[in-house]
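Model, not experiment: these values are computed from the prediction. We count residues from 1, following the sequence as given.
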Amino acid sequence: MIGSNQNYPENGIPSVGEHAEGVMEPVAQVPPPLPSHAQFPEVPHAAGHQQKGATSAGAGSASTFFAGLSDQKSPTAAFDGAARPPSPARSAAAGSPSASAPPTTTAPSGTVSPFGTTVNAPPPLSRTPPPRTPLSGTPLSGTPLSGNGNGSKVPASSTPETPSRGFSQQAELYAELFGVAPAPRKSRVAEQRQKMLQQVQAPPPSSPRTLQESGLSPNQVCDLILKQLYLQGTLLGVEMARNARLPFNVIDECLRFLKDDRCIEVTSGDVIGRVSYRFNLTEIGRTRAKEAFDYCRYVGPAPVPLDKYVEQCRRQAVSGINCTAEPLLEAFESLIIEPHLLEELGPAVCSGKSIFLYGPPGNGKSQIAKGLGKFLNLHGGEIYVPYAIQSENSIVTIFDPSLHHTTDDDEVAALLGDTKNPQTHQDINRLLHENHPDMRWRRVRRPVVVTGGELTLDMLDLRFNQASNFYVAPLQVKANGGVFMIDDFGRQIAKPRDLLNRWILPLEERIDYVTLATGKKFPVPFEQLIIFSTNLDPADLVDDAFLRRIRHKIKIGTPSRDLYTEIFSLCCDQRQIAFEPRAIEYLYLNYYDHGQLPRSSDPRDLLEIIQSICRFRNQRLVLTQELVDEAAQRFFAKV
């Protein structure tokens, strides 16, 4: 199989906004309901969502996925010049070709192709893709075929019936009379996704109302306040609360203590109260702030106690995610995948246990792991990750913008608001963070962490910053609630046996132990879907004790000829190249039938070589015998 890398959106930077209290509004007149027999038409899905039965251009439809591939006879000769029926062009792929790809041209109408067949100029690509062509090369005739899930092909479901004109007029009249139209019905796929999200969505951590509920000691909060003032000079009380991501009621007690201890002073203020006072350090406070910096230079959102982090990780574990065929297929819509592989991946995701992918290189093991990560992003709900945690008087940062993609930027902006000019009672309540989620946590998509040959044993433990005196969490902790993939297992700098011994206990107990610079260990959750991927012989890497703890072993083998043809055609679609079936015959006759194993990545690599040759020679890109032969000789050269 082959697929394109998934690009995840960048993180937003936390900003400030406003939270308004409830305001009395005039009561709106409730319109009478529609008759019970009335139904509204389906609304088209938004971009990126796909209805059941819809064909995904360039990635294969659900029928292609479940129905399997049609048989194709082996050729007896290649490039013999015999006339053959023209093979209709496949539909354009959903993904656009790379920016570096040159504009492609095809043979003119009525000319003889380099493979000896008479071809007509293909129709121009349009936004509505034509029906897909079966692998045998014959055009579809009659009723389109679709998969029924058991490997056989059945007539595809027809287009949903359009509501009658009378009902449309009735809906328009209803909207005109009462100024509002009833909400349209959701599709079955959307309802299923919403139901799954409700089942797996963990509740947000509640905001602390007192210093005791925050899990922090007064000295820790006081040191955080002093370090803020030392770096920024003067700050409003509400600005210090915002920087620490704590309600002002929590830090208010510490502000009074520091003022009584002559560490801070009030330079100006407003009638609203200490929330609007402007504070500054005194000489005593400056000395104490320097001592706090020498102990720990962390200045940011207040840390979360370790026990609260463990409790939240248990709530949002991957083992609680439901997985069925339709949502899993949606996550793999950009790949061509065999049906039996879907049946193996589904139960593995439902269990939330470890997965071991093995097989020859170039057949999509890495793409499968990314597809599972996409499934968790689409159907696994969102999780909460703290900026930092605290254990044994040590701070460990966890939130990583490069791995954790936030989804609460608008909520954070609306909650914090304009903290420099609080003027109304609503502003004060907003700044006190009353009845809101704990702002020390960020709501993110489930992370997908991928590491390869660069993985070392040091990367699996806390990384201590000697200059700043705080720690950075290891990769497996940042991956909690998501996917942690060890790609190219066995090719790391560390020995495979050492890595396996490091993971035997976490795989069994779902708990990992990390070590502080003082030598003291403490437990952290190990709640992620961990995937091992290797193209080496598993017998040379792992023993029975380790394999017993890997619940799901899935072999990713070489593609069949039918699957290879489908992948080659898809790659042509993605690059807007006219697909020529006889190029497959040539490759099998001269290479794959003589000991060269086909790989799912071969079509992509061969077409990229052909594109480069045509760009260098400034010639139009058409699959000719000479180009395919030259690209194959370069690619399959023995070194």
Q: Apply side-chain contact (heavy atoms from CB on, under 4.5 Å) to Val477 and Leu462, showing your working.
A: CA-CA 10 Å; Val477 175; Leu462 295 175; over 6 Å; no
Q. After noting the C-alpha distance and the side-chain angles of Ile486 and Leu455, does the key distance pass the side-chain contact (heavy atoms from CB on, under 4.5 Å) rule?
A. CA-CA 8 Å; Ile486 296 91; Leu455 180 65; 4.2 Å; yes
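The environment of CD in Glu508 is crowded: more than 12 heavy-atom neighbours from other residues, nucleotides or ligands sit within 6.0 Å. For Arg497, the CZ atom counts as loosely surrounded, since its 6.0 Å shell holds 12 or fewer non-hydrogen atoms of other residues, nucleotides or ligands. Residue Lys308 qualifies as open at atom NZ: its count of foreign heavy atoms under 6.0 Å is 12 or below.
Glu330 has no carboxylate O lying under 4.0 Å from a charged side-chain N of Lys374, or vice versa, which leaves the two without a salt bridge. Here Lys495 does not pair with Asp498 in a salt bridge; the nearest charged N to carboxylate O distance is not below 4.0 Å. Electrostatic pairing of Glu454 and Arg491 does not count as a salt bridge here, judged by no charged N lying under 4.0 Å from a carboxylate O. With salt bridges taken as basic N to acidic carboxylate O contacts below 4.0 Å, none links Arg446 and Glu382. In summary, Arg575 and Glu608 engage in a salt bridge, as defined by a charged side-chain N under 4.0 Å from a carboxylate O. Under a 4.0 Å N-O distance rule, the pair Arg502/Asp512 qualifies as a salt bridge.
Checking side-chain atoms of Tyr471 against main-chain N and O of Ala517 turns up a donor-acceptor pair under 3.5 Å. When atom types are taken as modelled, the side chain of Gln476 and the backbone of Leu460 share a donor-acceptor pair closer than 3.5 angstrom. Using modelled atom types, one side-chain atom of Asn243 and one backbone atom of Glu239 make a donor-acceptor pair closer than 3.5 Å. Asp537 places no side-chain N or O within 3.5 Å of a backbone atom of Asp540 that could act as its donor or acceptor partner.
Between the side chains of Ser354 and His552, no donor-acceptor pair of N or O atoms lies under 3.5 Å. Under the 3.5 Å distance criterion, with hydrogens and angles disregarded, no donor-acceptor pair is assigned to the side chains of Glu527 and Asn480.
Residue Phe526 comes nearest to Trp503 through the heavy atom pair CZ-CD1, 3.9 Å, listed as atom of the first residue, atom of the second, then distance. A pairwise comparison of heavy atoms in His379 and Ile321 identifies O-CG2, 4.4 Å as the closest pair.
Partner Arg440 forms a side-chain contact (heavy atoms from CB on, under 4.5 Å) with one of Pro386, Pro303, Pro208 and no other, that one being Pro208.
Between Phe532 and Phe546, a ring centre-to-centre spacing shorter than 6.0 Å is recorded.
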